[in-house]
Protein chains: 2
Amino acid sequence: MPHSVKVAPAYPVADGQAHCPIHHVLSYIGNKWAILILRELFQGNRRTNEFLAALPGISTKTLTARLRELERWGLVTRTVFPEVPPRVEYSLTAKGREIQPIMVALSQVGQHWLVHGSPRSAP
Amino acid sequence: MPHSVKVAPAYPVADGQAHCPIHHVLSYIGNKWAILILRELFQGNRRTNEFLAALPGISTKTLTARLRELERWGLVTRTVFPEVPPRVEYSLTAKGREIQPIMVALSQVGQHWLVHGSPRSAP
DNA sequence: CCGAATCCGTGTCGATACTG
DNA sequence: CAGTATCGACACGGATTCGG
């Protein structure tokens, strides 16, 4: 953690596992909405309202907070168009696209669990 | 969801994305500690104290809560040995081992971000 | 009008103390 | 040693308000 300021509220990088790769990625995308936000961006650029429509349950407050984090970490780009009405577009950076293997793995396991009985439907 | 009781506090399966594979997996392992707990179990059976040592920051309350969820969903087995002092061991089920591709992807991206500059260290 | 900031109620989590 | 109970801290959601 190069900065002393708290930039990752989700996963406090503690003690002996700061070097664990899995823990390291989770400190970026392990919070409640990050992966779903990135999932949207893998399908194309998105505006704020489009996120809100695609992610039922998220609040504008949390959405902007997560997008600001992802932007600060270099995973997402925020573009403001000085128009009326105002328009803001978010897109993936090259760094952000690097998590594609994770999205693929998540999608494959999810597909498998949707087709076969999901664990939750087991007795 | 066979039960009417709330078994998945992490990700309320909302509206149009209940069928999304990624959202579906995250409803199981998308919460704060599940993946790190499973990471431990991929390296062998674990006792409660071993989890607490390997996951600095987790509380006994949350640990047992997550383990109970994972057990209920069929990803983890809980074995109680009637000894003194009491001993409880947790292990992965076959269902639990199905998330291995996710762990691999997380580990690889994490490794890459640790070797090259992590996004967080970018300006 | 859209994006975002603010106030407030709620639920989750961590720290501690305690029980079997 | 494993798990529960209580309490304070914090993140999130909903509604409202502001800014451009």
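Per chain, numbering begins at 1; letters A, B, ... match sequence-line order.
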To the nearest angstrom, how far is [X] atom [atom1] from [N] atom [atom2]?
| X | N | atom1 | atom2 | value |
| --- | --- | --- | --- | --- |
| Leu36(B) | dG14(C) | CG | C1' | 16 Å |
| Asn45(A) | dG3(C) | CG | P | 14 Å |
| Glu50(B) | dG3(D) | CD | P | 13 Å |
| Ile58(A) | dA4(C) | CD1 | C1' | 13 Å |
| Leu63(A) | dG13(D) | CG | P | 10 Å |
| Leu52(B) | dG3(D) | CG | P | 10 Å |
| Glu89(B) | dC1(D) | CD | P | 15 Å |
| Glu83(B) | dC1(D) | CD | P | 13 Å |

Where the side chain of [X] is concerned, which of [options] is the nearest nucleotide?
| X | options | answer |
| --- | --- | --- |
| Pro86(B) | dA15(C), dG3(D), dA2(D) | dA2(D) |
| Lys61(B) | dA2(D), dA15(C), dC7(C) | dA15(C) |
| Lys32(B) | dG14(C), dC1(C), dA4(C) | dG14(C) |
| Pro85(B) | dA2(D), dG3(C), dC1(D) | dC1(D) |

Is the shortest side-chain N/O distance from [X] to OP1 or OP2 of [N] below 4.0 Å?
| X | N | result |
| --- | --- | --- |
| Arg87(A) | dG3(C) | no |
| Arg68(A) | dA5(C) | yes |
| Tyr90(A) | dG3(C) | no |
| Arg78(A) | dA4(C) | yes |
| Arg66(B) | dC13(C) | yes |
| Thr62(B) | dG14(C) | yes |

| query | the helix from dC1(C)-dG20(D) to dG20(C)-dC1(D): angle between its terminal axes, five pairs each, to 10°? | reply |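 End axes: 30° apart.
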| Taking atom types as they are modelled, is there a donor-acceptor pair under 3.5 Å from the base of dT4(D) to the side chain of Thr60(B)? |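 Yes, the side chain and the base share a sub-3.5 Å donor-acceptor pair.
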| field | 5' priority, DNA chain C, between Thr48(A) and Ser59(B) [closest heavy atom] | value |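 Result of the comparison: Thr48(A).
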| request: Could you pick out which residue, Thr64(A) or Val84(A), lies toward the 5' side of DNA chain C when each is mapped onto its nearest nucleotide? | output: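 Whichever sits nearer the 5' end wins; that is Val84(A).
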